[in-house]
Amino acid sequence: MKLRINNKFREFLFNQDRYSVLYGGAGSGKSYTATQKIIYRMVTETNHKFLIVRKVARTLRESVFALFKETIHNLGLESDFKINETNMSIEYINGNKIVMFGMDNPEKIKSIAGISGIWIEEATELKEEDFDQLDLRLRGETKNYKQIIITFNPVSSKHWIKKKFFDFTPQGTFILKSTYLDNPFIDDEYRAVMERLKRDNYDYYKVYALGEWGTLKGLIYPHYTTIERLPDYFEKEYIGLDFGYNHPYAIVHIRIDNKNLYIKEIFYKREFENQKVIEFIKTNYPYLKSIKFYCDSARPDLIKEWKQAGFMAEKANKAVFEGINVVKSFKLHITKDSTNLLKEIDLYVWKEKDGNSLDEPVKLNDDGMDAVRYALTPYIGKINNPKSTKIKGL
């Protein structure tokens with residue numbers, strides 16, 4: 001088995017500390033390397049049950065589960081692994097197993113026995129009590145060393161991870177920082193995108209590209225709350241849709257009650273053709289046919305396909321600055337399972353020139369933010385003072 005390991009991560013591959021913390025900027029290869037290490041241990045060791053977690057279970061399928069399948073294929077080991085698509089489990093011929101769960105269902109985590117290793121992907125999504133619960137699960141005598149791999153891109157210097165592992169580093173902790181500059185496998189186009197951030201907003205570049213702890217300046221939506229679900233009582237509701245393929249195809253569902261804007265991520269995936277997205281929505285969210293869609297007007301051909309499928313799809317008003325101001329006129333509430341939106345909003349900043357903010361956002365990781373603006377098309381250019389009539393929702 002020939003691993004494709006970035007030299008930066010060589011020490012991590014053989015590290016046996018209980019806590020192995022991989023952090024830094026986007027595009028450094030942290031997740032890909034963690035995947036390879038777990039596969040390597042499954043092939044070379046025995047008596048393993050690895051637990052892979054993220055905050056929300058459904059996000060595992062498009063991220064970590066897909067990455068394991070891709071890596072197993074690239075290593076030429078498909079015939080040696082049994083992959084269960086239904087429950088997202090992976091088993092090697094020697095009996096070693098990977099199971100994947102979200103911390104949004106902690107009771108399932110408590111029921112898992114015999115865990116020999118854990119990988120927490122996007123660890124900043126978790127609360128400290130989530131981590132403590134996982135730490136307690138990794139106990140007892142095992143044939144091999146027990147390890148929790150923690151991967152994330154830092155944003156706020158106030159996050160519990162910084163205090164727990166950087167300000168007061170526990171014994172038995174390995175910490176490795178990496179950035180896109182350490183990754184020889186990224187393409188020139190991605191490297192150019194990262195470099196462009198230096199010009200657009202250097203603080204953003206330091207946090208997102210260089211993985212430095214800090215608090216971003218120039219946040220467009222600095223204040224929001226998280227909620228469990230969309231409210232049942234509201235005044236109006238709309239769908240916002242931003243087309244994508246190489247970048248995420250994003251769909252959001254919003255509900256408005258007086259000055260409150262409630263937002264839920266419905267779809268957020270790369271490499272999905274328009275017709276496949278339509279079929280997904282028809283199957284999983286059939287009730288959305290009764291709600292008006294406001295779509296990226298750059299693709300009238302794709303809007304037409306939505307109309308032909310029976311959806312009330314129209315062109316969105318794409319006025320960026322005006323749309324942002326409409327969003328800012330509301331109190332924002334985002335559902336906790338909208339993980340991609342929550343990441344975007346924490347990194348959504350104004351471009352800068354000579355230290356001054358411009359009336360234009362940095363164009364990176366903003367697909368969901370665009371969809372939110374599109375959903376508010378009826379309010380752009382109008383006085384935003386709706387009267388709440390407490391209409392019962394669907």
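Position 1 is the first residue of the sequence, and the numbers go up from there.
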Point to revise | Any pair counted as ring-ring contact (aromatic ring centres under 6.0 Å, His included), so long as it reaches residues 71-115, sequence neighbours left out | key: Phe81-Tyr92
Review point. Do Tyr379 and Asn325 have side-chain atoms, one donor and one acceptor, less than 3.5 Å apart?
Key: no
Check your understanding: Should the pair Glu305-Arg299 be classified as a salt bridge under the 4.0 Å nitrogen-to-oxygen rule?
Key -> no
Check your understanding: Does the distance from a Lys or Arg side-chain N to an Asp or Glu carboxylate O, for Arg373 and Asp242, drop under 4.0 Å?
Key -> no
Check your understanding: Is the NZ or CZ atom of Lys269 positioned over Phe280's six-membered ring, under 6.0 angstrom from the centre and within 45° of the axis?
Key -> yes
Review point. Can you find a side-chain donor-acceptor pair between Asn15 and Gln147 that sits under 3.5 Å?
Key: yes
Check your understanding: Is there a donor-acceptor pair closer than 3.5 Å between any side-chain N or O of Gln16 and the backbone N or O of Tyr145?
Key -> no
Review point. So, do Phe234 and Tyr262 have ring centers that fall under 6.0 Å from each other?
Key: no
**Study point:** Residue from Thr179, Asn153, Thr151, Asn183 passing side chain to side chain donor-acceptor pair (under 3.5 Å) with Lys30
**Key:** Asn153
Review point. Would you say Pro248 and Asn340 make side-chain contact, with heavy atoms under 4.5 Å?
Key: no
Check your understanding: Is it true that Glu279 and Lys282 have a side-chain N and a carboxylate O under 4.0 angstrom from each other?
Key -> yes
Practice item. Please test Tyr285 against Phe267 for ring pair (Phe, Tyr, Trp, His ring centres under 6.0 Å), starting from the C-alpha separation and ending with a verdict. Key: CA-CA 10 Å; Tyr285 302 96; Phe267 188 89; 9.1 Å; no
Review point. Going by distance alone, is a donor N or O of one side chain under 3.5 Å from an acceptor N or O of the other, for Thr46 and Lys143?
Key: yes
Point to revise | Any donor-acceptor N or O pair under 3.5 Å, side chains Glu121, Ser31 | key: yes
**Study point:** Phe174 ring center near Tyr19 ring center (under 6.0 Å)
**Key:** no
Practice item. Say whether Phe152 and Tyr32 are linked into one hydrophobic cluster, either directly or through other cluster members, by side-chain heavy-atom distances under 4.5 angstrom. Key: no
Review point. Stepwise, does the salt bridge (Lys or Arg N to Asp or Glu O under 4.0 Å) test hold for Asp337 with Lys264?
Key: CA-CA 8 Å; Asp337 61 352; Lys264 178 179 174 62; 2.7 Å; yes
Practice item. Give a yes-or-no answer on whether the side chains of Tyr205 and Asp200 include a donor-acceptor pair shorter than 3.5 Å. Key: no
Check your understanding: What do you reckon, are the aromatic ring centroids of Phe311 and Phe293 less than 6.0 Å apart?
Key -> yes
Check your understanding: Is the shortest side-chain N to carboxylate O distance from Glu62 to Arg270 below 4.0 Å?
Key -> no
Check your understanding: Could Asp132 and Lys164 be called an ion pair, given the rule that one side-chain N must be under 4.0 Å from one carboxylate O?
Key -> yes
Check your understanding: Ignoring hydrogens and geometry, is there a side-chain-to-backbone donor-acceptor pair from Lys146 to Gly140 under 3.5 Å?
Key -> yes
Exercise for review: For Tyr374 and Glu314, test the side chains for any donor-to-acceptor distance below 3.5 angstrom and give the result as yes or no.
Suggested key: no
Practice item. Would you mind checking if Asp301 and Lys304 are paired as a salt bridge, meaning a charged N to carboxylate O distance below 4.0 Å? Key: no
Practice item. Give a yes or no on whether Phe166 atom CZ has more than 12 heavy-atom contacts from other residues, nucleotides or ligands under 6.0 Å away. Key: yes
Practice item. Identify whether NZ of Lys or CZ of Arg in Arg41 sits under 6.0 Å from the centre of the six-membered ring of Phe50 and within 45° of that ring's axis. Key: no
Point to revise | salt_bridge(Glu128, Lys163) N-O dist < 4.0 Å | key: no
Check your understanding: Applying the ring-ring contact (aromatic ring centres under 6.0 Å, His included) test to Tyr221, which of Phe330, Tyr348, Trp350 qualifies?
Key -> Tyr348
Check your understanding: Should Lys55 and Asp104 count as an ion pair when the cut-off is N to O under 4.0 Å?
Key -> no
Exercise for review: Taking the six-membered ring for Trp and the full ring for Phe, Tyr or His, determine whether the centres of Tyr294 and Trp306 are under 6.0 Å apart.
Suggested key: no
